[in-house]
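Side chains included, hydrogens not; waters and symmetry mates left out as well; all remaining heavy atoms used.
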Amino acid sequence: MVSWIISRLVVLLFGTLYPAYYSYKAVKSKDIKEYVKWMMYWIIFALFTTAETFTDIFLCWFPFYYELKIAFVAWLLSPYTKGSSLLYRKFVHPTLSSKEKEIDDCLVQAKDRSYDALVHFGKRGLNVAATAAVMAASKGQGALSERLRSFSMQDLTTIRGDGAPVPSGPPPSATVRTSSKHGQPKMSRSASESAGSSGTA
C-alpha cells in the first residue's frame with residue numbers, strides 16, 4: 001500500500017506536473033525543438049497511462065512492480081537517456097505511420113456512429129419529454145375542470161375569499177332537525193333567535 005502511494009505521487013509530480021510546466025515553457029517560448037520533445041513525451045506517457053490501468057490489476061503482485069514504474073518514468077524524463085524520444089522514434093512513430101489510414105477510418109466510423117446514436121437517443125428523449133408534458137398538461141386540465149365543477153355545485157355565497165362581499169338580506173330559513181336525544185324538533189340558532197325576537201315584539 002505504501003509503495004502504491006509513493007509511486008502514484010512520483011508519477012503525479014514528475015510524470016505529469018513537471019512535464020506539463022516545461023511544455024508550457026516550450027509553447028510560450030515557441031521553441032520548436034522543445035515543443036517536439038515534449039509532444040513525444042506526452043504521446044509515450046499517454047500509452048504508459050493506458051497500459052498502467054491494466055498492469056496495475058494483473059501485475060501488482062510482482063516484486064518491485066511500483067519501484068519499476070518509478071524507474072520507468074524517470075527513464076522517460078531523463079535528458080541523458082531521452083527515453084520518451086527513443087521509444088517514440090523506434091516504436092511508436094513507425095507503428096502509427098503504418099496504421100494511420102486504418103486508425104483514421106476507424107475514428108471516422110466511430111464518430112459517425114456516435115453522432116447517429118446521439119441523434120437517435122436525442123429524438124427519443126424529446127419524444128418522451130413531449131409525451132410526459134402532454135400527459136401532465138391533460139391531467140392538470142382535468143383536475144382544474146373537476147375543481148371548477150365542484151365549485152359550481154356549491155352555493156358560491158358560502159365561499160368567502162379576499163374581498164368577497166358578505167351576503168346581505170334576511171337570514172336563511174330555519175331548518176328543522178330532530179335531536180337524537182329527546183326526539184323533539186330542534187331549531188337552528190338563527191331560527192331560535194328570530195323566534196325570540198318575534199315573541200318579544
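- Residues Leu12 and Tyr21 do not share a hydrophobic cluster, clusters being chains of Ile/Leu/Val/Met/Phe/Trp/Tyr side chains in contact below 4.5 Å.
- Atoms CG and CG, on Leu47 and Leu87 in that order, are 9.5 Å from each other to the nearest 0.5 Å.
- Taking CD of Gln109 as the start and NZ of Lys111 as the end, the distance is 12.5 Å to the nearest 0.5 Å.
- The shortest non-hydrogen separation linking Trp42 to Ser23 is NE1-OG, 2.8 Å.
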Sequence neighbours left out, cut at 3.5 Å: what donor-acceptor pairs do the side chains of residues 71-79 make with other protein atoms?
| unit_1 | atom_1 | unit_2 | atom_2 | d |
| --- | --- | --- | --- | --- |
| Ser78 | OG | Tyr80 | N | 3.2 |

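- For residues 82-92, the set of pairs meeting the side-chain hydrogen bond (donor to acceptor under 3.5 Å, both in side chains) definition, not counting sequence neighbours, comprises Tyr88-His93.
- No continuous path of hydrophobic side-chain contacts links Tyr18 to Met39 [ILVMFWY only; heavy atoms under 4.5 Å].
- Using a distance-only test at 3.5 Å, with no hydrogens or angles considered, a donor-acceptor pair links the side chain of Ser98 to the main chain of Thr95.
- In this structure, Thr81 OG1 and Leu86 CG are separated by 8.5 Å, a value rounded to the nearest 0.5 Å.
- Contact of the Val92 side chain with the Ile44 side chain is registered, since non-hydrogen atoms from C-beta on lie closer than 4.5 Å.
- Placement of Ile32 and Tyr41 within a single hydrophobic cluster is found when ILVMFWY residues are connected by side-chain heavy-atom separations under 4.5 Å, directly or transitively.
- Across all their heavy atoms, Trp38 and Ala26 have their closest contact at CD1-CB, 4.2 Å.
- Under the 4.5 Å side-chain heavy-atom criterion for ILVMFWY residues, no single connected hydrophobic cluster contains both Phe64 and Val11.
- Transitive grouping of hydrophobic side chains (ILVMFWY, heavy atoms separated by less than 4.5 Å) brings Phe62 and Tyr66 into a common cluster.
- Within the structure, side-chain hydrogen bond (donor to acceptor under 3.5 Å, both in side chains) pairs that include any residue of residues 49-65 comprise Arg8-Glu52, Glu52-Lys69, Thr55-Tyr65, Asp56-Tyr65, Asp56-Lys69 (at least two apart or interchain).
- Taking the side chain as every heavy atom from C-beta outward, Tyr35 and Val27 approach each other to under 4.5 Å.
- Here NZ of Lys28 is found 8.0 Å from NZ of Lys25. Values are rounded to the nearest 0.5 Å.
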